[in-house]
Amino acid sequence: MKTLVCFLLLVGSAMAQTVIDLSVPQGTTKTITKEMGVVRPLVSQSNIDGTLIVEAGARIEMTAGSGINLRWSGTIDFRGTEAEPINIYPVAGATWRGFTNSYRTSASRPRFWLSHTNISGASGTSSAIELTYCQLMLSEVTIATARTDSLGRALRGMQLFGGTTSTGIVLDCTGLVTNCTFIGSTTGVTDHGKSVVFDNCQAVDVVTPFTWQPTTTRLQTYHRFSVSR
């Protein structure tokens with residue numbers, strides 16, 4: 001009987017699920033832990049104005065059509081480890097919108113920090129991750145998408161927008177993407193700026209591994225990318 005009780009407790013723990021509003025108001029912090037079991041968002045659009053921390057081993061199951069939008073001076077901080085990566089994926093048979101951001105040039109850059117994180121099943125408008133004017137720190141992140149979305153449009157793993165405002169503010173993302181893997185998409189990475197370094201990244205089963213599109217007056221920063229099929 002004792003053995004049976006322990007088994008049932010383990011099964012119950014493995015199947016635990018938490019529905020929570022992932023949105024974070026400005027000036028506050030919300031933390032997702034692996035002890036919460038499989039976490040699902042309460043609402044379809046989760047806006048991160050404060051700080052969202054996701055601890056090692058956490059699992060987030062995104063509902064169909066849901067997305068996470070990093071806003072203004074907010075922070076997304078996924079703290080996976082090699083032993084306990086973070087997994088974020090859609091419910092079975094669905095896709096989700098992925099990560100996007102809103103920004104104000106009068107505020108500090110939103111911060112998008114991920115380590116040891118597996119992202120799958122996201123499509124966004126055309127990418128799993130679509131960011132502008134962000135500070136990036138991605139390490140040991142895997143982004144797996146389909147080749148195209150349900151309408152046949154080509155998908156990217158990550159798209160970073162850039163440009164310059166009429167007042168001269170550069171909208172490029174800044175930071176470092178290292179030891180990351182892009183799987184299955186039509187394009188692995190499209191970067192319209194020059195301020196993100198890609199080091200020791202790879203594209204697997206991707207038609208076009210990367211496209212760098214800096215402005216004609218600025219040189220593209222250093223990249224190191226390998227490709228496999």
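In this text, all values refer to a predicted model and were calculated from it rather than measured experimentally.
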(message) If you apply the rule side-chain contact (heavy atoms from CB on, under 4.5 Å), what do you find for Phe198 with Val189, and how did you get there?
(response) CA-CA 10 Å; Phe198 290 81; Val189 177; 3.6 Å; yes
(request) Start with the C-alpha distance between Thr186 and Val206, add both sets of side-chain angles, then the distance that settles side-chain contact (heavy atoms from CB on, under 4.5 Å), and finish with yes or no. (result) CA-CA 6 Å; Thr186 295; Val206 171; over 6 Å; no
(message) Under the criterion side-chain contact (heavy atoms from CB on, under 4.5 Å), I'd like the reasoning laid out for Asp77 against Val54: C-alpha separation, chi angles, the key distance, then a yes or no.
(response) CA-CA 6 Å; Asp77 186 1; Val54 181; over 6 Å; no
(message) Let's go through Leu70 and Cys134 carefully: what are the C-alpha distance in whole Å and the side-chain angles of both, what is the deciding distance for side-chain contact (heavy atoms from CB on, under 4.5 Å) to 0.1 Å, and is it a yes or a no?
(response) CA-CA 9 Å; Leu70 175 60; Cys134 263; 4.0 Å; yes
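Checking side-chain atoms of Arg153 against main-chain N and O of Thr148 turns up no donor-acceptor pair under 3.5 Å. Listed for the Thr117 side chain is no donor-acceptor partner under 3.5 Å among the backbone atoms of Leu114. Remark: the backbone N or O of Ser23 is paired with a side-chain donor or acceptor of Lys30 at under 3.5 angstrom. No side-chain donor-acceptor contact under 3.5 Å links Trp96 to the backbone of Val91. Thr18 places a side-chain N or O within donor-acceptor distance of the main-chain N or O of Met36, the cut-off being under 3.5 Å. A side-chain donor-acceptor contact under 3.5 Å links Arg111 to the backbone of Ser73. Checked by atom type and distance alone, the side chain of Thr164 never pairs as donor or acceptor with a backbone atom of Gly168 at under 3.5 Å. With Ser127 contributing its side chain and Gly124 its backbone, the two residues share no donor-acceptor pair below 3.5 Å. With hydrogens and angles ignored, the 3.5 Å screen pairs a side-chain donor or acceptor of Asp172 with a backbone N or O of Lys194. Side-chain atoms of Asn69 come within 3.5 Å of backbone N or O of Asn101 as a donor-acceptor pair.
Judged purely by distance below 3.5 Å, without hydrogens or angles, the side chains of Ser185 and Arg156 never pair a donor atom with an acceptor atom. Remark: the Gln45 side chain and the Arg97 side chain contain an N/O donor-acceptor pair separated by less than 3.5 Å.
Inter-residue side-chain proximity for Tyr133 and Ile169 is flagged as met; some heavy-atom pair is nearer than 4.5 Å. Looking at heavy atoms from C-beta onward, Ser66 lies out of side-chain contact with Pro90 at the 4.5 angstrom threshold. Using a 4.5 Å heavy-atom threshold, the side chains of Leu131 and Phe161 count as separate. Using a 4.5 Å heavy-atom threshold, the side chains of Trp113 and Ile53 count as separate. Side-chain contact between Val177 and Val196 is present, with heavy atoms from C-beta onward closer than 4.5 Å. The side-chain heavy atoms of Thr178 and Leu138, taken from C-beta on, include no pair separated by under 4.5 Å. Two residues are said to be in side-chain contact when any heavy atoms from C-beta on lie closer than 4.5 Å; Ile68 and Ile48 meet this criterion. Residues Glu82 and Glu140 have side chains not in contact (no heavy-atom distance under 4.5 Å, counting atoms from C-beta outward).
Atoms CD1 and CD1, from Ile183 and Ile119 in turn, are 11.5 Å apart once rounded to the nearest 0.5 Å. Interatomic distance, Thr63 OG1 to Leu42 CG, rounded to the nearest 0.5 Å: 9.5 Å. Ile86 contributes atom CD1, which lies 9.5 Å from atom CG of Asn118 (distance to the nearest 0.5 angstrom). Within the model, atoms CD of Gln159 and SG of Cys173 stand 10.5 Å from one another, a figure rounded to the nearest 0.5 Å. Rounding to the nearest 0.5 Å gives a distance of 6.5 Å between CG of Leu22 and CG of Leu52. Between atom CZ of residue Arg71 and atom CD1 of residue Ile76 there is a gap of 12.0 Å, rounded to the nearest 0.5 Å.
Ring geometry for Phe210 against Trp212 counts as parallel: the plane angle stays under 30°, on a 0 to 90° scale with 60° as the upper cut. Between Phe78 and Phe99, the ring planes are perpendicular. Angles over 60° get that label, and only those under 30° would be called parallel.
Residue-environment remark: CD (Gln26) stays at or below the threshold of 12 foreign heavy atoms within 6.0 Å.
Residues Phe112 and Leu171 are members of separate hydrophobic clusters, defined by side-chain heavy-atom contacts under 4.5 angstrom among Ile, Leu, Val, Met, Phe, Trp and Tyr.
The pair Lys34-Glu55 does not count as a salt bridge, with every side-chain nitrogen at least 4.0 angstrom from each carboxylate oxygen. A salt bridge links Arg40 with Glu61: the distance from a Lys NZ or Arg NE/NH1/NH2 to an Asp or Glu carboxylate oxygen falls below 4.0 Å.
Among Thr190, Asp191, Thr187, the one residue that satisfies the side-chain hydrogen bond (donor to acceptor under 3.5 Å, both in side chains) test with Thr211 is Thr190.
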